[in-house]
Every structure is written in structure tokens, then in C-alpha cells.
Amino acid sequence: MEKRFYIIVGEASGDLHASNLIREIKKADKSIVFRGFGGDKMQQAGAQIVRHYRELAFMGFWEVLTNLHTISRNLRYCKEDIAAFRPHAVILVDYPGFNMRMARYLRKMRIPCFYYISPKVWAWNISRVKKIKEWVDHMFVILPFEKDFYQKYGYRVDFVGHPLLDALSAYTQNENFFIQNNLEQKRIIALLPGSRRQEIQRMLPVMLRMVHHFPGYQFVVAGLSHIGAPFYQSYIHHPNVKLVIDQTYDLLSHSFAALVTSGTATLETALFDVPQVVCYCANFISYVIGYFVIQVQFISLVNLICGKQVVTELIQYDLNESNLRKALQAILENKTRERIFADYRLLREKLGQPGASQRAASLILHYFNQLPQRD
């Protein structure tokens with residue numbers, strides 16, 4: 001009998017992790033069909049995508065407020081599509097602003113709800129834990145400290161490990177990267193400005209100011225095809241800057257250092273053993289709101305998981321040309337690099353072993369098969 005799973009993703013990293021999850025579920029049960037919100041990688045894994053994440057990704061409190069009409073329209077469409085599809089279960093992947101609303105709807109409709117990659121309720125809005133307990137049937141967390149966090153509030157979750165380890169274990173380095181991208185045979189400083197246009201507009205210009213300070217290196221921007229090369233090229237006006245599209249892992253595997261917008265990319269950069277400076281700058285209103293509600297000492301996953309400052313974070317007004325130049329200079333020097341490499345080893349130990357996607361898939365099917373079955 002065919003089983004229908006709906007899956008909801010709202011950004012590039014979620015698309016990657018959801019695609020690996022879909023493949024693992026399909027390996028174990030070929031009768032399951034997937035439909036939902038996501039991206040190209042999920043589609044390649046066999047899911048029918050009805051909304052692409054590029055229509056869904058809004059960064060910051062202010063950006064969400066100014067796009068409420070679009071978000072409401074997408075929520076309405078998602079509910080209507082779920083009602084028409086009649087899924088046996090729904091898998092939510094990260095993307096908390098949207099997915100928490102969907103979790104409430106799913107509880108009301110009595111549709112089993114699995115949540116893969118927890119909202120960062122430990123960073124802000126701890127009150128959401130109560131709602132997660134009420135609305136989400138099973139939560140699968142990927143950061144080692146999250147299980148203990150939820151345990152404090154009487155909610156049992158499953159720690160499956162970080163899915164980035166799966167993606168990296170499957171990666172094979174492109175030995176022709178320099179030739180194929182017309183790069184010079186000199187050390188690379190990678191620029192990872194983010195996966196949303198709003199992020200790139202804020203981050204890339206200040207990152208590019210480093211080019212004339214470090215003429216002995218070549219700078220390479222990690223671009224994404226859903227953004228499009230012309231958007232990046234509109235900011236690049238220096239011959240010592242190159243752009244590569246959808247080659248982030250190849251870029252990191254050949255990089256000497258990196259400037260990285262806060263997010264999943266900071267962890268990817270660390271797992272490739274590339275010293276980095278973490279950058280973040282939000283809309284002023286979003287920053288003010290965040291300043292009062294965020295309850296953690298760090299913003300980068302690297303520092304959060306290690307519980308200390310491993311990499312420098314330049315946030316909002318600290319992200320300027322002078323500070324960034326000093327921070328970049330530091331990670332080019334051997335003493336700082338050796339200390340970072342040692343801390344990266346600690347990070348990998350905390351994250352555990354690859355296999356998160358397979359473990360999450362097995363648990364989802366285990367819990368699903370315990371549910372009363374329906375047509």
C-alpha cells in the first residue's frame with residue numbers, strides 16, 4: 001500500500017539534509033511517496049516539490065514582518081495542499097517560523113508530525129518548548145547539547161548526529177577545481193556570503209573590501225545557482241576575485257582561510273578544517289529585537305557546540321573593514337591556525353559519527369509503524 005509523506009523545507013541547508021533523509025527512508029520503504037515544499041536536491045531524491053524554498057526564505061525579524069502577506073499566502077497554500085494530499089505523516093525540517101505554525105495545524109488535523117532539526121529554542125524563545133511538546137509527535141535533534149536541553153523541560157527527543165557529516169563523508173574532492181574555474185595557483189580566501197539575497201547584499205560588500213589588503217591571495221566567492229551569477233557579479237569589481245557556482249565544498253576543500261556568514265556554512269567550513277571569521281549583519285530593527293531576545297553567548301554553530309570562542313565573530317557594528325582585516329590577518333598566521341585546528345578536532349569529537357540521515361530515517365519509520373494505519 002502506498003504511504004504518503006509530506007515534507008516542508010524553507011532553505012538551502014534544509015533541502016540538502018531533507019534530500020538525504022528522503023533517500024534513506026526510500027531505501028527502507030519503497031512504498032513511501034514524498035510531496036512538499038523544498039528544493040532541487042529533494043526533487044532529485046524523488047520528492048514532488050510544489051513550492052521552491054527560494055520563494056520562502058526571509059532573514060530577520062523585520063524582513064519577516066514586511067513579508068507577512070507572502071508568508072500567510074504560503075501557509076494557506078501549504079495547508080490546502082496537505083488537505084488535498086492527505087498524507088499519512090508530515091516531516092518538518094528546521095525553518096521554525098513557518099513550520100511551528102504548520103505543527104499547530106497538523107495537531108489540529110490529527111496528522112502525525114515529525115520534526116527533523118530542531119528550532120533553536122535554546123537561543124531564543126524558550127517558551128516554544130511547551131508548544132513543541134504539545135504539537136510535535138517526535139523531535140530529532142542534531143546538536144549534542146539539544147537532548148539535555150529538552151530533557152530539562154520533560155520532553156524526550158532523539159539525538160541522531162549532524163547530517164553534515166553524511167554530506168561530507170560522501171564528498172569527493174575535485175582535483176581539477178583550479179583549472180576548471182580558471183584560478184591562479186595561489187592560496188584561496190573563500191567568501192561565503194550566505195544563501196539569501198538579503199544576506200548577500202549585506203555581507204558580500206564588506207567581505208570584498210579585504211581584497212586590496214591581501215594582494216598575495218586570491219578571493220573566491222561561493223555562489224548559488226538559485227541566486228544567479230549576475231547578482232554576485234554586480235558586486236565584484238576586482239580582477240583578483242572569482243566566482244564559482246554550486247561548488248562550495250570544492251572551494252572549501254582548496255581554501256586556506258574563509259570569511260563566512262553565520263549559519264550552517266560556519267560548521268561546514270570547520271569540518272573542512274578551514275580557519276574562518278564569522279560575519280553577521282542584520283537589518284537594524286531585526287538586530288535590536290535580536291539583541292534583547294537572543295539568550296546565547298555566541299551565534300556561530302562552531303562556538304556554540306564547543307562552548308567557547310573557537311572562531312572570531314564580527315556582529316553588526318563590529319563587522320567593519322578595520323576589524324575584519326585584523327581578524328583575517330590573525331587566521332593567516334600559524335599560531336592562530338594551530339589553535340583553531342586543535343579546537344576543530346574537539347568539534348568533530350562532539351558531533352560524533354556520520355549516519356544521521358540513516359538514524360533519523362530509521363526512527364521516523366519506527367515511530368510511524370507504531371501509529372494506527374489508515375488509507
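The first residue in the sequence is number 1, and the count goes up from there.
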- Task: Identify the heavy atoms of Ile22 and Ala47 that sit nearest to each other, and give their distance.
- Result: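 Smallest heavy-atom distance, with atoms named: CD1-CB, 3.8 Å.
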Taking [Y]'s backbone N and O only, do any of them form a donor-acceptor pair with [X]'s side chain (distance below 3.5 Å, no angle check)?
X	Y	result
Lys133	Tyr153	yes
Asp15	Val9	no
Thr266	Ser262	no
Tyr232	Leu224	yes
Thr248	Ala222	no
Asn176	Ile179	no
Arg23	Gly46	no

Residues, nucleotides or ligands: over 12 heavy atoms within 6.0 Å of [X] [atom1]:
X	atom1	value
Arg104	CZ	no
Gln353	CD	no
Lys41	NZ	no
Lys131	NZ	no

Close side-chain approach of [X] and [Y], heavy atoms under 4.5 Å:
X	Y	result
Val302	Val278	no
Leu192	Leu252	yes
Ser31	Glu2	no

- Query: For residues 349-364, which residue pairs qualify under salt bridge (charged side-chain N to carboxylate O under 4.0 Å, His left out), counting only residues two or more places apart or in two chains?
  - Reply: none
Do [X] and [Y] pair up side chain to side chain, a donor and an acceptor below 3.5 Å, judged on atom types alone?
X	Y	answer
Ser300	Glu313	yes
Glu199	Thr261	no
Asp166	His17	no

Using the test salt bridge (charged side-chain N to carboxylate O under 4.0 Å, His left out), find all partners of [X] that sit at least two apart in sequence or belong to another chain.
X	value
Glu184	Lys186
Arg35	Asp81
Lys30	none

- Item | ring pair (Phe, Tyr, Trp, His ring centres under 6.0 Å): pairs with one or both residues in residues 179-225, sequence neighbours excluded | none
- Selection residues 246-272 - residue pairs positive for ring pair (Phe, Tyr, Trp, His ring centres under 6.0 Å), sequence neighbours left out: Tyr171-Tyr249, Tyr171-Phe272, Phe177-His254, Phe178-His254, Tyr249-Phe272
side-chain hydrogen bond (donor to acceptor under 3.5 Å, both in side chains) against [X], all qualifying residues, sequence neighbours excluded:
X	value
Glu175	none
Arg345	none
Asp246	Ser225
Asp137	Arg107

- Item | Intermediate values then yes/no, salt bridge (charged side-chain N to carboxylate O under 4.0 Å, His left out), Glu24 and Lys27 | CA-CA 5 Å; Glu24 292 296 337; Lys27 279 183 192 175; 3.4 Å; yes
- Name the orientation class of the two ring planes belonging to Tyr155 and Tyr150 (parallel below 30°, tilted from 30 to 60°, perpendicular beyond 60°).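 Ring orientation, 0 to 90° scale: perpendicular.
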- Under the ring-ring contact (aromatic ring centres under 6.0 Å, His included) test, residues paired with Phe231 that sit two or more places apart: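 Phe231 satisfies ring-ring contact (aromatic ring centres under 6.0 Å, His included) with Tyr235 once adjacent residues are dropped.
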- Task: Mind checking ring-ring contact (aromatic ring centres under 6.0 Å, His included) for Phe5 and listing every partner two or more places apart, or none if nothing turns up?
- Result: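 Expected list: Phe34, Phe368.
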- Item | Gap separating the CD1 atom of Ile117 from the OG1 atom of Thr264, nearest 0.5 angstrom |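 One finds 7.5 Å between CD1 of Ile117 and OG1 of Thr264.
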